[in-house]
2 protein chains.
Amino acid sequence: MALSKTSVVDTALALLGEAGLPGMSMRTLATRLGVQPSALYWHFPSKQVLLTAVAERVLATVPSVEPTGSAADELRAIGEGLREAVTGVPDGAEIVALGLAAGARNPVAEAVAATCERHGMGDRTAGLTTALTGYVIGLGLEEQTHHNLRVADPELPAVDFGPRFDGGLGALLAGVAAG
Amino acid sequence: MALSKTSVVDTALALLGEAGLPGMSMRTLATRLGVQPSALYWHFPSKQVLLTAVAERVLATVPSVEPTGSAADELRAIGEGLREAVTGVPDGAEIVALGLAAGARNPVAEAVAATCERHGMGDRTAGLTTALTGYVIGLGLEEQTHHNLRVADPELPAVDFGPRFDGGLGALLAGVAAG
DNA sequence: ACCTGAACACCGTTCAAGT
DNA sequence: ACCTGAACACCGTTCAAGT
């Protein structure tokens, strides 16, 4: 059957899940698809563009947040949702950063806008979107890099990024009304 | 003259400044040093380890902050100082993230601790350190990736990350007493 | 329209051998 | 101790040619 952008991105995601970015070369991707490497370049002009398509798929998995809590609770849920999407795929932080830099739609922006307006703080939308997105990507990058290093060298001490993420998110949202 | 770790890191930083991470291959590095690529492996076991040494040098340029303002002002200055160090070298965010993941000392941790204790909020040190560091790295990564994309494709719209950084930092520090 | 085959110009890393 | 020379096993990308 003929190749399609969708099937290429599907397979790219599968390879990422198995071995991260180093395991997703254009050559292994082609092999997995039963095609020559050069065939991929008919569908995508470069690996970078292919990766932004992957990033868009990752961003599409960010869950939407129900308007049922305080502003702080909703913003916390938005941050946690982005974190789940980003850390759900190995090297996801790097890939999503590429996607956002390339102009991908950031679902966090709209979610934060909705929450802020609902709670009468629409003027804080831009700052909170930047802070939340940057924080999740940055800590996600550290976490995934740390994981990659530990795979190569098990001597490296383990770090639990879960509580660390919660603590940073709490500090980040301390200025948002709790009730 | 014989090679040394210092001279290798010096030259690595010079190459990074010229063309970023893609311009800093072990081969170009060796050529610039007038040596064979394999010679580098006597001084560093891998490129990754060499890059963490580069990261430590970058982190060492983070300026220390004078205790002359409010807690919020001092924390803002700490964040700005880290940003300057990180964005001062092309692909610095990625490199510093690698360094921190490898266990490099984070100068922000100590600076935040000093400020927090001076202002009677020592219990907030950990959260603020994580939030501040993650945010600076994350937005820095987006910014530098965006810059790299624009070098390859000038069609991509320019974005001024300066005001965006300020806005996010303001939101991040909104929960810290201003006076 | 969609893909093959072959090549170009690179990578990081290893390791015997030299001095 | 410190480095060379040569090789191994890869990369992303291009492009004429096929169907």
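Numbers restart at 1 for each chain; the letters A, B, ... are given by sequence-line order, proteins then strands. For the numbers below, each heavy atom of this structure counts, side chains included, while hydrogens, waters and symmetry mates do not.
Residue contacts shown for B:T28 are limited to sugar-phosphate atoms, with no base heavy atom under 4.0 Å away. Within 4.0 Å (heavy atoms only), A:S25 reaches sugar-phosphate atoms of the nucleic acid but no base atom. The residue A:A2 sits close only to the backbone: its heavy atoms come under 4.0 Å of sugar-phosphate atoms, none of a base.
Set against D:dT13, C:dT13, D:dC3, the side chain of B:A39 has D:dC3 as its closest nucleotide. The listed nucleotides are C:dT13, D:dG12, C:dG12; the one nearest the side chain of B:R27 is C:dG12. Proximity note for B:W42 (side chain, C-beta onward) versus D:dT13, D:dT4, D:dA1: the nearest is D:dA1. Here D:dC3 is the nucleotide among D:dG12, C:dT13, D:dC3 with the atom lying nearest to any side-chain atom of B:L3.
For the pair B:Y41 OH and C:dA17 P, the interatomic distance rounds to 22 Å; values are reported in whole Å. In this structure, CE of A:M26 is placed 21 Å from P of C:dA7, rounded to the nearest angstrom. Nucleotide D:dC11 holds its P atom 12 Å from the CG atom of A:L21, rounded to whole Å. Here the C1' atom of nucleotide D:dC11 and the NZ atom of B:K47 are 12 Å apart, to the nearest Å. Atom CG in B:L40 sits roughly 13 Å away from atom P in C:dC11 (whole-Å rounding). At whole-Å resolution of the value, NZ in A:K5 and P in C:dC3 are 13 Å apart.
B:F165 is not listed as a side-chain neighbour of B:D160, based on a closest heavy-atom distance of 4.5 Å or more.
Separation of the A:F161 and A:H147 ring centroids does not fall under the 6.0 Å cut-off.
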Might you work through the salt bridge (Lys or Arg N to Asp or Glu O under 4.0 Å) test for B:R118 and B:E74, ending with a clear yes or no?
CA-CA 11 Å; B:R118 210 153 36 223; B:E74 287 182 26; 2.8 Å; yes
side-chain contact (heavy atoms from CB on, under 4.5 Å) assessment of A:V176 paired with A:M121
CA-CA 9 Å; A:V176 178; A:M121 37 188 265; 3.9 Å; yes
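None of B:V136, B:L139, B:L132 except one satisfies the side chain to side chain contact (heavy atoms under 4.5 Å, CB included) rule with B:L169; the exception is B:L132.
Taking the P atom of each, D:dA9 and C:dA9 are spaced 23 Å apart, rounded to whole Å.
Residue B:H43 has no polar side-chain atom (N or O) positioned under 4.0 Å from OP1 or OP2 of D:dA1. Under 4.0 angstrom from either OP1 or OP2 of D:dC3 there lies no side-chain N or O belonging to B:Q36.
Counting distance only, with no hydrogens placed and no angle test, the side-chain atoms of B:S38 and the base atoms of D:dG5 include a donor-acceptor pair under 3.5 Å.
Remark: DNA chain D takes part in the stems C:4-8 with D:12-16, C:12-16 with D:4-8, each of 3 or more antiparallel Watson-Crick or G-U pairs, criterion distances under 3.5 Å.
Taking CD1 from A:I78 and CG from A:L173, the interatomic distance works out to 9.5 Å, rounded to the nearest 0.5 Å.
A:T133 and A:N106 form a side-chain donor-acceptor contact under 3.5 Å, judged by distance and modelled atom types alone.
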